[in-house]
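Notes to accompany the following structure.
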Amino acid sequence: MAYGSIHNRKPLERANRISHSTVIANPVVQELLETISVPVPADPATLKTVLKNVPLVNNRQIRAVVAIDGSMREVSVRDEFPSATVTFFTFGPVLFKLEALRELDSQPFIAPEDLAILKNIQRYALALPTRNVARHGQTLRESVRQSLHEFFSSKSGDNESLYVSLRWLMFRQWTRGGIKQWIIPSCPYETCSNQDIVFSSATPDVQNCRVCGNPIYLIDTARFHERIDEDQGASGISSYVLSLCEQMVLVHLIRSIWQMKPSLLREVLFIKDGPLACFGQIAPFSKPLRELVNFLANQADPNDPAMRLPLVNVVGLEKTGAFVEHAASIDEHMDTGSILILSDEYIYRYVVPGNSSGGGAYGHNTYWGNKVIFKAHDGNLYVATVPMKDGLSTDPDYGDFINLTEVLNAIAELRCSMYDNALIPVALANRLVSLSEVPSTRILETFARQIIMG
């Protein structure tokens with residue numbers, strides 16, 4: 001790593017202009033490059049055999065849409081110590097009725113006040129110490145843990161805390177069966193030898209370690225503390241914290257509707273910005289999420305108890321990444337109103353390198369839905385993740401997805417012309433919760449400095 005200039009009085013250390021020759025001449029590097037393979041372009045003839053048409057829906061059940069998005073920014077809190085940083089998070093859902101959108105769509109001109117009906121949102125805000133800062137008398141790790149605990153246990157008005165929904169998910173409280181406990185492999189305090197700390201539906205949100213006596217929080221089950229280093233900081237957990245928060249808001253809403261009136265879930269489409277997946281540190285939460293949607297997809301029809309009634313409508317939409325790039329490459333070969341259901345064989349051959357015989361469906365440790373590429377009748381192209389009725393599949397069929405026809409028809413109706421392949425609720429959610437580079441970062445930086453430095 002090159003030397004910098006602390007006081008801007010001396011030049012930066014520049015890299016050697018011929019060091020690349022050492023890399024190029026290295027036989028180990030050459031051997032590695034010879035073994036690397038990349039996905040091949042999709043064969044148009046193959047595409048024609050796997051594309052399916054999406055039926056139109058006349059009597060639509062979905063009447064409302066909830067889009068969930070989030071944003072974060074890391075800001076410096078001291079000019080003379082720029083590595084001291086705090087990260088701000090903001091996230092929340094946008095809610096509106098499809099009928100309101102249809103009324104706007106029929107108008108020749110949309111006034112700014114008309115859009116007010118589309119902006120019903122509950123915003124959440126969180127701040128975490130990230131590097132070289134800490135709460136008074138605590139380490140960085142303890143500071144992050146307590147901050148997360150306070151956020152998840154806090155209530156907004158008459159609303160319940162996110163801890164209530166986190167418990168509902170972790171301990172499968174929608175059913176009498178299933179896993180009813182969650183184990184943390186070791187105490188979050190490095191000097192403690194305690195292992196296998198158990199949380200269950202009967203334990204409080206905070207319990208004291210039986211060895212060191214320090215508090216262990218329910219949010220410690222996400223094991224964020226394992227990725228926090230006192231020297232390197234906590235920046236490595238920021239994206240995982242935001243992802244968990246977004247998905248817990250989704251669970252929070254599903255749980256609230258389920259307890260109020262389960263049949264209402266059938267009328268709501270939940271849209272998550274990004275795939276339906278829990279990556280990295282929060283990967284273990286993908287399993288109870290799969291169990292939750294599987295439970296909601298197999299409810300008894302009140303009119304015919306012998307029939308199953310899938311209640312949940314959930315979709316994750318991707319804006320970037322390998323699957324979005326692949327979708328763009330096959331766009332011209334897809335007819336409008338068609339769908340490409342991605343099997344493991346297809347994914348590992350045309351999208352990402354891998355082995356379809358690896359012993360599990362693609363993303364079996366992280367995803368709670370399978371991927372599809374959908375081209376709407378207006379030509380917009382979407383990479384979507386939709387839950388399955390019975391867990392992930394290596395070779396999913398159209399009928400394996402939960403309410404796929406209804407979900408895709410609703411997506412097609414939510415088109416937004418502001419951006420490529422955009423949806424109105426996702427664009428609005430992003431607009432309302434995103435933290436921009438300018439001026440948000442500068443304002444948050446000033447705000448944090450004023451509070452911290454007094």
Less than 4.5 Å apart, any side-chain heavy atom of [X] and any of [Y]?
{"X": "Asn194", "Y": "Arg210", "answer": "yes"}
{"X": "Val372", "Y": "Leu342", "answer": "no"}
{"X": "Lys272", "Y": "Leu317", "answer": "no"}
{"X": "Met248", "Y": "Phe152", "answer": "yes"}
{"X": "Glu413", "Y": "Arg60", "answer": "yes"}
{"X": "Leu148", "Y": "Leu128", "answer": "yes"}
{"X": "Ser143", "Y": "Pro129", "answer": "yes"}
{"X": "Asp69", "Y": "Val94", "answer": "no"}

Go through the steps for Trp168 and Leu292 under the test side-chain contact (heavy atoms from CB on, under 4.5 Å), then give the verdict. CA-CA 10 Å; Trp168 191 70; Leu292 172 60; 3.7 Å; yes
Ile237 vs Ile228, test: side-chain contact (heavy atoms from CB on, under 4.5 Å). Steps then yes/no. CA-CA 7 Å; Ile237 69 167; Ile228 299 174; 4.0 Å; yes
If a pair satisfies salt bridge (Lys or Arg N to Asp or Glu O under 4.0 Å) and one of its residues is in residues 383-403, list it, with sequence neighbours excluded.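 For residues 383-403, and leaving out neighbouring residues, there are no salt bridge (Lys or Arg N to Asp or Glu O under 4.0 Å) pairs at all.
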Check: [X] side chain, [Y] main-chain N or O, donor-acceptor pair, under 3.5 Å:
{"X": "Arg131", "Y": "Ala84", "value": "no"}
{"X": "Asn370", "Y": "Ser393", "value": "yes"}
{"X": "Lys180", "Y": "Phe171", "value": "yes"}
{"X": "Lys375", "Y": "Asp331", "value": "yes"}
{"X": "Glu318", "Y": "Gly274", "value": "no"}
{"X": "Asn409", "Y": "Thr405", "value": "yes"}
{"X": "Ser165", "Y": "Leu162", "value": "no"}

Search all heavy atoms of [X] against all heavy atoms of [Y] and return the closest pair with its distance.
{"X": "Ala234", "Y": "Leu140", "answer": "N-CD2, 4.0 Å"}
{"X": "Val312", "Y": "Val293", "answer": "CG1-O, 4.0 Å"}
{"X": "Thr85", "Y": "Val133", "answer": "O-CG2, 3.2 Å"}
{"X": "Tyr382", "Y": "Ala376", "answer": "CE1-CB, 4.1 Å"}
{"X": "Leu392", "Y": "Ala361", "answer": "CB-CB, 3.8 Å"}
{"X": "Ala322", "Y": "Val352", "answer": "CB-CG1, 4.0 Å"}

Set of ring pair (Phe, Tyr, Trp, His ring centres under 6.0 Å) partners for [X], sequence neighbours left out:
{"X": "Tyr124", "value": "Phe91"}
{"X": "His149", "value": "Tyr163, Tyr217"}
{"X": "Phe224", "value": "none"}
{"X": "Tyr346", "value": "His326, Tyr350"}

Distance (rounded to the nearest 0.5 Å) between [X] [atom1] and [Y] [atom2]:
{"X": "Leu126", "Y": "Thr87", "atom1": "CG", "atom2": "OG1", "value": "9.5 Å"}
{"X": "Ile68", "Y": "Leu95", "atom1": "CD1", "atom2": "CG", "value": "10.5 Å"}
{"X": "Glu74", "Y": "Ser238", "atom1": "CD", "atom2": "OG", "value": "6.0 Å"}
{"X": "Ile179", "Y": "Ser200", "atom1": "CD1", "atom2": "OG", "value": "13.5 Å"}
{"X": "Lys371", "Y": "Tyr362", "atom1": "NZ", "atom2": "OH", "value": "6.0 Å"}
{"X": "Cys209", "Y": "Tyr189", "atom1": "SG", "atom2": "OH", "value": "9.0 Å"}

Does the side chain of [X] come under 3.5 Å of the side chain of [Y] through a donor N or O and an acceptor N or O?
{"X": "Gln173", "Y": "Ser201", "result": "no"}
{"X": "Arg135", "Y": "Ser147", "result": "yes"}
{"X": "Gln195", "Y": "Ser186", "result": "no"}
{"X": "Gln247", "Y": "Ser243", "result": "yes"}

Would you be so kind as to tabulate the donor-acceptor pairs closer than 3.5 Å made by side chains of residues 257-269, with sequence neighbours excluded?
unit_1: Gln259; atom_1: OE1; unit_2: Arg255; atom_2: NH2; d: 3.4
unit_1: Arg266; atom_1: NE; unit_2: Pro310; atom_2: O; d: 3.4

Set of salt bridge (charged side-chain N to carboxylate O under 4.0 Å, His left out) partners for [X], sequence neighbours left out:
{"X": "Arg308", "value": "none"}
{"X": "Asp220", "value": "Arg145"}
{"X": "Glu230", "value": "none"}

Taking only Lys NZ, Arg NE, NH1 and NH2, and the carboxylate oxygens of Asp or Glu, determine whether Arg167 and Asp205 approach each other closer than 4.0 Å.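 Yes, this pair counts.
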Less than 4.0 angstrom from a charged side-chain N to a carboxylate O is my criterion; do Glu291 and Arg172 meet it?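 Salt bridge flag = yes for Arg172 with Glu291.
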Side chains of residues 280-289: which donor-acceptor pairs under 3.5 Å do they make with residues two or more places apart or in other chains?
unit_1: Gln281; atom_1: NE2; unit_2: Arg223; atom_2: O; d: 2.6
unit_1: Ser286; atom_1: OG; unit_2: Ala283; atom_2: O; d: 2.8
unit_1: Ser286; atom_1: OG; unit_2: Asn365; atom_2: O; d: 3.2

Can you list the steps and then say if Val315 with Phe270 is a side-chain contact (heavy atoms from CB on, under 4.5 Å)? CA-CA 6 Å; Val315 62; Phe270 295 97; over 6 Å; no
Applying side-chain contact (heavy atoms from CB on, under 4.5 Å), run through Leu218 and Trp182 and close with a yes or a no. CA-CA 9 Å; Leu218 180 63; Trp182 201 284; over 6 Å; no
With a cut-off of 6.0 Å (strictly less than), are more than 12 heavy atoms of other residues, nucleotides or ligands near CD of Glu150?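 Atom CD in Glu150 is crowded, with more than 12 foreign heavy atoms closer than 6.0 Å.
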Who passes side-chain contact (heavy atoms from CB on, under 4.5 Å) against Asn208, sequence neighbours left out?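 Only Pro215 meet the side-chain contact (heavy atoms from CB on, under 4.5 Å) criterion with Asn208.
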Could you work out, with side-chain contact (heavy atoms from CB on, under 4.5 Å) as the rule, every residue matching Ser239, not counting sequence neighbours?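 Applying side-chain contact (heavy atoms from CB on, under 4.5 Å) to Ser239 gives Met72.
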